[in-house]
Chemist: 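I have a structure I would like to understand better, so I am pasting it below and will then ask my questions one at a time.
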Protein chains: 2
Amino acid sequence: MASIKTIAKLAQTSVASVSRVLNNSGYVSAELRAKVEAAIAQTNYQPSSDARVLRGGKSNLVGILLPSIDVQFFGILAQSMEQALFDLGYQSFICSTAESAAHEARYVAMFLSRRVGGVIAASAEAGAAHFAPLRARGIPIVAIDRDLHGYASDAIVIDHDLGGRMMAQHLIDFGHRKIAVIGAPLHSQSIQRRLAGVRAALAQSGLEPVSQQLGKTHDFAQSYDLASRALANRPTGLIGLTDIAAIGAIHAAHDLGLRIPHDLSIIGFDNIPSAAFVLPRLTTIAQPIRHLGRSAAEMLHRLIIGEPQTLAQALPALTLIQRDTTAPPCAA
Amino acid sequence: MASIKTIAKLAQTSVASVSRVLNNSGYVSAELRAKVEAAIAQTNYQPSSDARVLRGGKSNLVGILLPSIDVQFFGILAQSMEQALFDLGYQSFICSTAESAAHEARYVAMFLSRRVGGVIAASAEAGAAHFAPLRARGIPIVAIDRDLHGYASDAIVIDHDLGGRMMAQHLIDFGHRKIAVIGAPLHSQSIQRRLAGVRAALAQSGLEPVSQQLGKTHDFAQSYDLASRALANRPTGLIGLTDIAAIGAIHAAHDLGLRIPHDLSIIGFDNIPSAAFVLPRLTTIAQPIRHLGRSAAEMLHRLIIGEPQTLAQALPALTLIQRDTTAPPCAA
DNA sequence: TTCCCCTCTGGTATCGATTACATAGTGGTA
DNA sequence: TACCACTATGTAATCGATACCAGAGGGGAA
């Protein structure tokens, strides 16, 4: 493997001069610079990051911890963070933890031995104790999507409570009074917050859900079951705490012979691409996913270089995307 | 930052002994081992990978190059590769190139300076010349989904041609004779192969597409447009070369008042989750995505450790998933 | 007793890069 | 001429870990 010595030998000079050429530091004659550059081009030499980091340079490595990247929400998030970080000069370890704390701990140990400069995490809810060693070394942690009680230096989290209120209010404004709620995974902080928002808005109108079904795993099959159960109570409106839940509900309603939105209105949350793919197209609350990712990347960068944080991070607003699954109740 | 010296001082011994404890090599008394382990636990010390690699150890780093991870196909692929590689003891750089050769070249330079042990790539089609430096250093490259003419040590690529044939044959078997094809991106090798398969199967039955619409970018809006154009020729069957294309076609048909599958049969390719989310649920050819990812990971591992390859890699078969969008033509 | 082998430990060269410092030549100015 | 500043280059220490080597005891065999 070509090293700086190889280049020095090829260019008939010392490693110090090669280094000066590489870093544009100190004095180098034009003649020598040319010889060195020729040698570099000839061998396709790339200086070893390991050696540089060891010597005391910055590592430019960051860890990204997500529950998974095979669901679109996190896939999009991961992509936007990775891109933004790469443009800022960092390289990312994208790790999917499958919601397992044990997996998370293994990844954290890896981050430590790789000497990452910072971490962005949407952690499994269980407990965040394994983040302690990172904190102890002063490695900044940005929480995304889910808060990281006490361990994160900062957090990019949307107002799930408000999102819940918006969903409920949309149906209430249409005149719905018999409203059901379904969602998963129930142990997720974000889901709980959205649910709280839904219930708060309903309560404000003197209502409460005619049915509330929370599941353990967040997948299509489970959502279908939850919706089937919820529909037994004959709601005219149904709130899916995620788009996947809402899409499951569309299928369940369809199989029961209900027309959407004539017999049943459905609203979701996230605005993943699939929401626009289903027929009828799903009304939902859009999270600015890519924006969240970029913000997290920029925030981490500021923490790493030690720039003082702008106090109030203005997060982009949630927006209602009205499509074809919501309308006033007609059954009345 | 705690280093091996810190530990040695804490345990009142030398760095050599600490190293022996860390690696279970050579002789260490039980007493000393205990002292060292206590010091390690106390400081949460993790040895620096940089130093280890520098010293000549294996880097255990691999690069994964994909066009994107925000589309589900590649998100699932990335996740399965990352998991399999992590379990094999590797850490992955997952990089999305946005189909740009320039981006790809930057990532390759990064891989070089990070001294990755191997690379898995689904490359932009343009040209693969920037992979030459990797080859030159003997770093194994596994191509996935798309071949990498001449640069890859090996490739995990499904039989797209066969897949194309299967789609066409399914419609032909139902009795369709007026068949249209749409898909994107047209510069993709996989898409071209599938198209060739479709045309070959049609030709075998003395048919040719009543309309063939290929687009540049692979997204929903474009697919919708392509489908609208294709439907002008009144086909009874439509082949989407990807599920996204097929889903776009479902919407276009719906908006034209066509009933599926009564007036029009539609078949897709990939079997991404959204295919089961649309209504009616999409008939498609399933790629064993996770299996492909795992195979690529294992193959790269074998290349890295220099194990002789089993000659014929038996790839899992493509399977037809019949759902609700295909049926015999009724309009007749 | 002498010699050898096994156990245990510490010192130190090494990997590839950066950088402080030393050295040396050149040109200008007092 | 003597001195200084500037340019140009090389030598060597350093980062954190590993591994080779040396050396110190201890025990058994000849």
Side-chain angles (χ1 to χ4, degrees), chain A residues 1-40 43-61 109-117 137 139, chain B residues 1-40 43-61 109-117 137 139:
Chain A
M1 177 72 70
S3 85
I4 198 171
K5 274 190 207 158
T6 326
I7 304 299
K9 216 162 285 175
L10 254 174
Q12 299 164 74
T13 178
S14 68
V15 293
S17 294
V18 176
S19 177
R20 277 186 286 259
V21 170
L22 286 170
N23 302 286
N24 273 314
S25 59
Y27 293 104
V28 192
S29 65
E31 187 195 10
L32 182 57
R33 155 165 273 117
K35 273 205 295 186
V36 169
E37 275 164 355
I40 289 175
T43 52
N44 248 311
Y45 163 76
Q46 278 279 349
S48 148
S49 317
D50 299 298
R52 283 185 161 161
V53 169
L54 186 56
R55 188 58 227 283
K58 278 285 99 239
S59 89
N60 291 338
L61 238 35
M110 187 268 269
F111 291 164
L112 248 24
S113 78
R114 289 284 176 197
R115 305 289 191 255
V116 300
R137 276 183 188 59
I139 298 172
Chain B
M1 179 72 71
S3 87
I4 198 171
K5 275 189 206 157
T6 326
I7 304 300
K9 217 161 283 174
L10 255 174
Q12 300 166 73
T13 179
S14 68
V15 294
S17 294
V18 176
S19 177
R20 277 185 288 258
V21 170
L22 285 170
N23 302 286
N24 272 314
S25 59
Y27 293 103
V28 192
S29 65
E31 187 196 12
L32 183 57
R33 157 166 273 118
K35 272 206 296 187
V36 169
E37 276 166 354
I40 289 174
T43 51
N44 247 312
Y45 162 76
Q46 277 280 350
S48 148
S49 318
D50 299 298
R52 283 186 163 162
V53 170
L54 186 56
R55 188 57 224 285
K58 279 285 99 242
S59 89
N60 291 337
L61 239 35
M110 187 268 269
F111 291 165
L112 249 23
S113 77
R114 289 283 176 197
R115 305 291 191 256
V116 300
R137 276 185 187 59
I139 298 172

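Per chain, numbering begins at 1; letters A, B, ... match sequence-line order.
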Chemist: Within the 4.0 Å heavy-atom criterion, would you say A/S49 contacts the bases, only the backbone, or no part of the nucleic acid?
Modeler: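 No contact at all - A/S49 keeps every heavy atom at 4.0 Å or more from the nucleic acid.
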
Chemist: Which nucleotide in the set D/dA17, C/dG16, C/dA17 lies at the smallest distance from any side-chain heavy atom of A/L54?
Modeler: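 That would be C/dG16.
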
Chemist: Does a side-chain N or O of A/S17 approach OP1 or OP2 of D/dG10 to a distance below 4.0 Å, or not?
Modeler: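 Indeed, a polar side-chain atom of A/S17 lies that close.
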
Chemist: For D/dT14, does either OP1 or OP2 sit under 4.0 Å from a side-chain N or O belonging to A/R52?
Modeler: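 It does not, given that no N or O in the side chain of A/R52 lies less than 4.0 Å from OP1 or OP2 of D/dT14.
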
Chemist: What pairs meet the salt bridge (Lys or Arg N to Asp or Glu O under 4.0 Å) rule with one or both residues in residues 21-40 of chain A, with sequence neighbours excluded?
Modeler: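 Every pair satisfying salt bridge (Lys or Arg N to Asp or Glu O under 4.0 Å) with a residue in residues 21-40 of chain A: A/R33-A/E37.
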
Chemist: For B/N24 and C/dC8, give me the distance from atom CG to atom P, rounded to whole Å.
Modeler: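 Taking atom P of C/dC8 as the reference, CG of B/N24 is at 13 Å.
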
Chemist: If you check every side-chain atom of B/Y45, which of C/dA17, D/dA17, C/dG10 has the closest atom?
Modeler: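 Closest nucleotide to the B/Y45 side chain: D/dA17.
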
Chemist: With A/L10, which residues qualify under side-chain contact (heavy atoms from CB on, under 4.5 Å), at least two apart?
Modeler: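 A/L10: side-chain contact (heavy atoms from CB on, under 4.5 Å) contacts with A/A39, A/Q42, A/T43.
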
Chemist: Of all residues at least two apart in sequence or in a different chain, which pass the side-chain contact (heavy atoms from CB on, under 4.5 Å) check with A/L54?
Modeler: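 For A/L54 the side-chain contact (heavy atoms from CB on, under 4.5 Å) partners, ignoring immediate neighbours, are B/A51, B/L54.
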
Chemist: Atom CD of A/Q12 and atom P of D/dT9: how far apart are they, to the nearest Å?
Modeler: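 Taking CD of A/Q12 and P of D/dT9, I get 13 Å after rounding.
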
Chemist: Take the protein atom NZ of A/K9 and the nucleotide atom C1' of D/dG10, then report the distance between them rounded to whole Å.
Modeler: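 Rounded to the whole Å, the gap is 15 Å.
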
Chemist: Which of these nucleotides, D/dT9, C/dG16, C/dT9, is closest to any side-chain atom of A/T13?
Modeler: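 Between D/dT9, C/dG16, C/dT9, the one nearest the side chain of A/T13 would be D/dT9.
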
Chemist: Please give, in whole Å, the distance from D/dA17 C1' to A/R114 CZ?
Modeler: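 It is 14 Å, rounded to the nearest whole Å.
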
Chemist: Could you pull out all residues at least two apart from B/S19 that satisfy side-chain contact (heavy atoms from CB on, under 4.5 Å)?
Modeler: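 In terms of side-chain contact (heavy atoms from CB on, under 4.5 Å), with neighbours along the sequence ignored, B/S19 is linked to B/I4, B/N23.
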
Chemist: Considering just the side-chain nitrogens and oxygens of B/K5, establish if one lies under 4.0 Å of OP1 or OP2 belonging to D/dC15.
Modeler: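 For B/K5, the contact criterion (side-chain N or O under 4.0 Å from OP1 or OP2 of D/dC15) is met.
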
Chemist: With the threshold set at under 4.0 Å for non-hydrogen atoms, list the residues of residues 28-40 of chain B touching DNA chain C in residue-number order.
Modeler: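 Only B/V28, B/S29, B/L32 qualify.
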
Chemist: So A/N60 and B/R114, do their side chains get closer than 4.5 Å, heavy atoms only?
Modeler: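 B/R114 vs A/N60: side chains touch.
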
Chemist: Considering heavy-atom distances to DNA chain C, does B/S14 or B/G56 have its closest nucleotide positioned more toward the 5' end?
Modeler: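 Looking at DNA chain C, the more 5' nearest nucleotide goes with B/S14.
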
Chemist: Using the 3.5 Å cut-off, write out each protein N or O paired with an N or O of nucleotides 19-27 of chain D and the distance between them.
Modeler:
none

Chemist: Report the residues that fulfil side-chain hydrogen bond (donor to acceptor under 3.5 Å, both in side chains) with A/T6, sequence neighbours left out, ordered by chain and then residue number.
Modeler: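 Testing A/T6 for side-chain hydrogen bond (donor to acceptor under 3.5 Å, both in side chains), a comparison that skips the adjacent residues, returns none.
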
Chemist: B/I4 CD1 to D/dA17 P: how many Å, rounded?
Modeler: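 The distance from CD1 of B/I4 to P of D/dA17 comes to 5 Å, rounded to the nearest Å.
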
Chemist: Please list, chain by chain and in numerical order, all residues satisfying salt bridge (charged side-chain N to carboxylate O under 4.0 Å, His left out) with B/R137, sequence neighbours excluded.
Modeler: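 B/R137: no salt bridge (charged side-chain N to carboxylate O under 4.0 Å, His left out) contacts found.
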
Chemist: Grab the NZ-P distance between A/K58 and C/dA17 for me, whole Å please.
Modeler: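 A/K58 atom NZ is separated from C/dA17 atom P by 19 Å.
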
Chemist: Would you say the side chain of A/S17 lies within less than 4.5 Å of the side chain of A/L32, judging by non-hydrogen atoms?
Modeler: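 Side-chain contact under 4.5 Å: yes.
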
Chemist: How long is the line joining CG of B/D50 and C1' of D/dA17, in whole Å?
Modeler: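 B/D50 atom CG is separated from D/dA17 atom C1' by 11 Å.
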
Chemist: Okay, side chain of B/S49, backbone of A/S113: is any donor-acceptor separation there less than 3.5 Å?
Modeler: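 Judged by distance alone, yes, a pair lies under 3.5 Å.
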
Chemist: Can a side chain N or O of A/R115 be found less than 4.0 Å away from OP1 or OP2 on D/dA17?
Modeler: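 The answer is yes; a side-chain N or O of A/R115 sits under 4.0 Å from OP1 or OP2.
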
Chemist: May I have all residue pairs that pass salt bridge (Lys or Arg N to Asp or Glu O under 4.0 Å) and include part of residues 3-25 of chain B, sequence neighbours excluded?
Modeler: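 For residues 3-25 of chain B: none.
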
